[in-house]
Amino acid sequence: MSSERDFNEIITGLAKKRGFFWGPSPEIYGGSSGFFDLGPLGKLLKNRLENQIRASFVRANFWEVECPTVSPAMVWKASGHLDGFIDPITQCTKCEQIYRADNLIEEQLQGTKISGKSIDELTEIIKTHKITCPSCKSPLGAVESFNLMLKTRLGLDQEAYLRPETATTTYLLFRRFLTFFRDKLPMSVFQIGKAYRNEISPRQGMLRLREFTQTEGQIFILEEDEKNWPQFEDIKNDVLPLLPYQTQQKGDSKPLKMKMSEAIRKGHFQNPAYAWCVHLTYSIFKNMGFSEEKLRLRQHFPTERAHYAKDAWDVEVHTESFGWVECCGIHDRGNYDLTRHQEFSKEKLSVSVNKQPVVPNVLEIAFGIERPLFCLLDNSFQPESEIRDTDWLKFPPEVAPIQIAVFPLMGKDELLVPSREIFESVMEAGFVAQFDVGGSIGRRYRRQDEIGTPFCITIDYTTLEDGTVTIRDRDSMEQVRIHKDNLIVTLKKIIRGSTRFESLK
RNA sequence: GCGAUCGUUGUCUAGGGGUUAUGAUGCAGGCUUCCCAAGCCUGCGACCCGGGUUCGAAUCCCGGCGAUCGCACCA
């Protein structure tokens with residue numbers, strides 16, 4: 001489809017033209033890469049995605065919280081981000097090329113253990129082994145650390161950082177959660193909020209941002225509950241597209257359609273609670289409007305995991321622009337975080353099990369919303385065709401930014417007045433709707449197609465005679481006539497998806 | 001951050017030392033119109049930023065910012 005045009009550029013062009021997103025921001029000053037503004041439609045779409053996410057978590061018995069985006073350095077020291085979230089870099093003294101010091105050493109001195117080595121030790125290794133610039137063979141400068149966190153200051157001189165993930169800020173509330181949940185584990189909470197990463201060179205537009213909105217669900221859980229997780233019963237027969245690392249090792253990238261129970265039996269998941277989290281995440285992505293054939297779940301290789309993770313699976317979405325895109329991580333973080341914060345804060349972050357203090361484990365679902373937002377635009381894009389000479393967006397009705405458009409067939413007063421009445425009633429019913437009189441009726445349908453509005457209501461001369469209006473379906477471009485008294489209830493059904501448009505005919 | 005290519009109305013683009021800066025589409029107002037971008041009229045709108053060369057720069061040169069691709073990076 002549209003092979004002669006670069007797909008990403010089409011999506012970005014459409015996004016700019018129609019007010020989904022603009023950037024890089026701030027545009028009038030030339031922009032900084034990694035930052036985007038959401039336009040009115042982009043914000044509406046994002047709100048819809050957030051609401052789907054929120055509803056999914058709440059249904060799964062998670063409680064929402066919100067924490068500050070700035071925390072003092074100590075927090076990030078404890079979380080491991082201050083030391084672990086860095087790239088040790090070295091610069092060639094002559095050609096000024098910058099390299100990852102650790103990669104360079106591993107590459108040139110095979111078998112050297114560098115994990116846990118300090119900056120000074122790395123400099124020493126480079127010096128004693130005479131490692132030089134790979135491109136010009138000149139000596140390399142001292143190793144410095146490049147931290148991916150954005151630094152700021154509290155008051156006059158307290159060192160602080162913008163959070164690179166929301167999760168850590170959630171963990172800090174552990175003792176408060178114990179009180180709130182009346183000391184009963186497991187406890188499930190989630191947070192939707194901004195996080196910041198100072199990427200060296202962000203690319204791929206909305207997919208790698210320096211500021212993004214992260215959604216994270218956390219379950220604080222004891223080991224025996226991970227093994228004995230009753231909710232797993234509800235989903236054990238569901239089939240998910242799984243890509244375990246062993247499959248990838250064989251060079252296979254086609255997911256296995258596997259029952260959850262079978263995946264547990266074969267050891268792809270370590271326990272039912274973690275498996276249930278993977279399933280929940282998959283269902284969140286389905287609720288955001290992604291179709292099954294565009295989704296897969298990929299397990300990380302043991303060497304690929306973050307510093308805190310015991311096991312990790314990703315949700316990936318297939319896009320026309322970039323192929324498979326990593327959209328969500330599901331991590332078994334063990335009790336790494338709580339143990340570290342207990343150690344650094346000197347606060348007790350354990351519960352009592354058989355009179356012994358036990359630090360619970362954490363299962364985490366984490367994703368940025370901007371990625372699925374872009375992927376949904378990508379997946380929804382339909383190129384122009386013979387029957388419709390414009391590109392259009394096939395958003396699922398429940399997440400479309402504008403749900404309803406209302407038109408008088410023509411801009412005459414006798415049609416305008418009842419049209420406005422209908423429009424008011426649609427707005428009053430809680431829909432996000434648009435009223436449009438400009439241009440021919442066909443042009444107005446196209447405009448709505450282009451922003452993915454699923455249904456258009458048209459008021460014509462028959463309306464004046466018998467009180468019926470037409471509902472026009474975006475996907476089929478077909479219309480049904482319906483009495484205006486039944487309009488709202490019908491719209492609710494077809495937007496929720498409980499009734500199909502075809503059945504109205 | 002390095003290298004290559006590039007930056008022209010809201011969007012897509014032509015051009016390339018002296019131009020009223022091209023075209024399409026869009027948008028706004030009007031006329032017309034009984035359902036899928038019809039037509040007509042009127043109007044709106046651009047050379048990324050800074051410096052240099054030059055009588056004159058959107059055009060050439062340098063720098064910045066941004067974009068695409070490759071390298072590196074993406075805990």
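The chains referred to below are lettered A, B, ... by the order of the sequence lines, with proteins before strands, and numbering in each begins at 1. Just so it is clear, the values below take in all heavy atoms, side chains as well, and ignore hydrogens, waters and symmetry mates.
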Engineer: Ignoring hydrogens and angles, are the base of C35(B) and the side chain of Asp460(A) linked by a donor-acceptor pair under 3.5 Å?
Structural biologist: yes
Engineer: Of the nucleotides G3(B), A67(B), C35(B), which has the atom closest to the Arg203(A) side chain?
Structural biologist: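 Among the listed nucleotides, the one closest to the side chain of Arg203(A) is G3(B).
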Engineer: Contact class for Thr470(A) (heavy atom, under 4.0 Å): base, sugar-phosphate, or nothing?
Structural biologist: base
Engineer: Which nucleotide, U33(B), C35(B), G66(B), lies nearest any side-chain atom of Ser32(A)?
Structural biologist: G66(B)
Engineer: Going by atom types only, do Thr390(A) and Arg446(A) share a side-chain donor-acceptor pair under 3.5 Å?
Structural biologist: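 No, Arg446(A) and Thr390(A) have no side-chain donor paired with an acceptor closer than 3.5 Å.
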Engineer: Here's a test of your reading of the structure: between Lys16(A) and Arg481(A), which maps to the more 5' nucleotide of RNA chain B?
Structural biologist: Lys16(A)
Engineer: Can you tell me, in whole Å, how much space there is between the C1' of G18(B) and that of U59(B)?
Structural biologist: 11 Å
Engineer: Looking at Thr458(A), Ile404(A), Ile457(A), which hits side chain to side chain contact (heavy atoms under 4.5 Å, CB included) with Ile471(A)?
Structural biologist: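 That would be Ile457(A).
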Engineer: Report yes or no: is the cationic atom of Arg298(A) (NZ for Lys, CZ for Arg) under 6.0 Å from the centre of the six-membered ring of Trp313(A), at an angle within 45° of the ring normal?
Structural biologist: no
Engineer: Give one of base, sugar-phosphate or nothing for Gln479(A), where a contact means two heavy atoms less than 4.0 Å apart.
Structural biologist: base
Engineer: Applying a 4.0 Å non-hydrogen cut-off, can you work out what Ser33(A) is touching in the nucleic acid: base, sugar-phosphate, or nothing?
Structural biologist: sugar-phosphate
Engineer: Just jot down the side-chain contact (heavy atoms from CB on, under 4.5 Å) partners of Asn379(A), sequence neighbours excluded, or say none.
Structural biologist: Phe290(A), Lys294(A), Val317(A), Thr319(A)
Engineer: Starting at atom CD1 of Ile441(A), determine the distance to atom C1' of C35(B), rounded to an integer number of angstrom.
Structural biologist: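 Taking CD1 of Ile441(A) and C1' of C35(B), I get 6 Å after rounding.
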Engineer: Between Glu320(A) and Asn8(A), is any side-chain donor less than 3.5 angstrom from a side-chain acceptor?
Structural biologist: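 Short answer, no.
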Engineer: If you measure from the C1' atom in U19(B) to the same atom in U5(B), how many Å do you get, rounded?
Structural biologist: 28 Å
Engineer: On a whole-Å scale, what distance lies between the P atoms belonging to A14(B) and G7(B)?
Structural biologist: 9 Å
Engineer: Measure the distance from CH2 on Trp392(A) to P on A37(B) and round it to the nearest whole Å.
Structural biologist: 15 Å
Engineer: What's the closest nucleotide to the side chain of Lys17(A) if the choices are C34(B), C36(B), G10(B)?
Structural biologist: G10(B)
Engineer: For A37(B) and Arg443(A) - does any side-chain N or O of the residue sit under 4.0 Å from the phosphate oxygens OP1/OP2?
Structural biologist: no
Engineer: Has the side chain of Tyr29(A) got a donor or acceptor that lies under 3.5 Å from a partner of the other kind on the base of C65(B)?
Structural biologist: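 No pair found.
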Engineer: For the residue pair Ser419(A) and Ile459(A), what are the closest heavy atoms and their distance?
Structural biologist: OG-CB, 3.4 Å
Engineer: If you take atom types as modelled and just measure distance, does the side chain of Arg210(A) reach the base of C74(B) with a donor-acceptor pair under 3.5 Å?
Structural biologist: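 When only heavy-atom distances are counted, Arg210(A) does not reach the base of C74(B) through any donor-acceptor pair under 3.5 Å.
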Engineer: Set out, line by line, the N/O atom pairs under 3.5 Å between protein and nucleotides 49-52 of chain B.
Structural biologist:
none

Engineer: Scan every strand shown for a Watson-Crick or G-U wobble partner of C36(B), both distances under 3.5 Å, and answer none if you come up empty.
Structural biologist: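 Pairing partner, where one exists within any strand: none, as none qualifies.
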Engineer: Whole Å only: how far is the CZ atom of Arg474(A) from the C1' atom of C35(B)?
Structural biologist: 19 Å
Engineer: Applying the Watson-Crick and G-U wobble criteria at under 3.5 Å, what pairs with A67(B)? Answer none if nothing qualifies.
Structural biologist: U5(B)
Engineer: Between Arg447(A) and G26(B), does any side-chain N or O lie under 4.0 Å from OP1 or OP2?
Structural biologist: no
Engineer: What orientation do Phe381(A) and Phe7(A) show, parallel under 30°, tilted 30 to 60°, or perpendicular over 60°?
Structural biologist: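 Ring orientation, 0 to 90° scale: perpendicular.
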Engineer: Checking contacts here: which listed nucleotide (C35(B), A37(B), U68(B)) is nearest the side-chain heavy atoms of Asn8(A)?
Structural biologist: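 Between C35(B), A37(B), U68(B), the one nearest the side chain of Asn8(A) would be U68(B).
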Engineer: Would you please classify the geometry between the Tyr274(A) ring and the Phe269(A) ring as parallel, tilted or perpendicular, with 30° and 60° separating the classes?
Structural biologist: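 Rings of Phe269(A) and Tyr274(A): tilted, as their planes differ by 30° to 60°.
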Engineer: Say you pick atom C1' in C6(B) and the same atom in C74(B); how far apart are they, in whole Å?
Structural biologist: 25 Å
Engineer: What's the gap between C27(B) and A46(B) when it is taken at their C1' atoms, as a whole Å value?
Structural biologist: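 Looking at atom C1' only, C27(B) and A46(B) are 15 Å apart.
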Engineer: Take atom CG of Asn198(A) and atom P of C73(B), then tell me their distance rounded to the nearest Å.
Structural biologist: 17 Å
Engineer: Which value, in whole Å, describes the distance between the P atoms of nucleotides G43(B) and U11(B)?
Structural biologist: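 To the nearest whole Å, 24 Å.
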Engineer: Just name whichever nucleotide pairs with A28(B), Watson-Crick or G-U, keeping both distances under 3.5 Å, else none.
Structural biologist: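 Its partner is U42(B) (Watson-Crick or G-U wobble, both distances under 3.5 Å).
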Engineer: Round to a whole Å and report the spacing from CZ of Phe21(A) to P of A67(B).
Structural biologist: 13 Å
Engineer: Would Arg472(A) and Tyr445(A) count as a cation-pi pair here, with the cationic atom under 6.0 angstrom from the ring centre and within 45° of the axis?
Structural biologist: yes
Engineer: Can you tell me the distance, in whole Å, between the CG atom of Asp389(A) and the P atom of G26(B)?
Structural biologist: 10 Å
Engineer: Within this structure, what is the CZ-to-C1' distance between Arg446(A) and G26(B), rounded to whole angstrom?
Structural biologist: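 After rounding, the reported distance stands at 16 Å.
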Engineer: For U19(B), give its Watson-Crick or G-U wobble partner with both distances under 3.5 Å, or none.
Structural biologist: none
Engineer: Which residue in the set Phe190(A), Phe212(A), Phe285(A) passes ring pair (Phe, Tyr, Trp, His ring centres under 6.0 Å) when paired with Phe367(A)?
Structural biologist: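 With Phe367(A) as partner, ring pair (Phe, Tyr, Trp, His ring centres under 6.0 Å) holds for just one option, Phe285(A).
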Engineer: Asp391(A) CG to A24(B) P: how many Å, rounded?
Structural biologist: 20 Å
Engineer: For Gly13(A) and Arg208(A), take the nucleotide of RNA chain B holding the closest heavy atom to each; which residue's nucleotide lies nearer the 5' end?
Structural biologist: Gly13(A)
Engineer: With both distances under 3.5 Å as the test, what is the Watson-Crick or G-U wobble partner of C47(B)?
Structural biologist: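 Pair assignment: C47(B) / none.
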Engineer: Taking atom types as modelled, find out whether Gln191(A) and Thr170(A) have a side-chain donor-acceptor pair closer than 3.5 angstrom.
Structural biologist: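 The answer is yes; a qualifying pair exists.
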Engineer: Rounded to whole angstrom, note down the P distance from G45(B) over to G51(B).
Structural biologist: 26 Å
Engineer: Measuring only the P atom in each nucleotide, how far is G16(B) from U8(B)? A whole number of Å is fine.
Structural biologist: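 Pairwise P distance, G16(B) against U8(B), rounds to 16 Å.
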Engineer: Considering every strand shown, what is the Watson-Crick or G-U wobble mate of A58(B) when both distances are under 3.5 Å?
Structural biologist: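 The answer is none; no pair meets the criterion.
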Engineer: What contact category does Arg472(A) fall into here, base, sugar-phosphate, or nothing, at under 4.0 angstrom with non-hydrogen atoms?
Structural biologist: base
Engineer: Quick one: label Ser440(A) by what it contacts on the DNA or RNA (base, sugar-phosphate, nothing), any heavy atom closer than 4.0 Å.
Structural biologist: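 Here Ser440(A) touches the backbone only, sparing every base.
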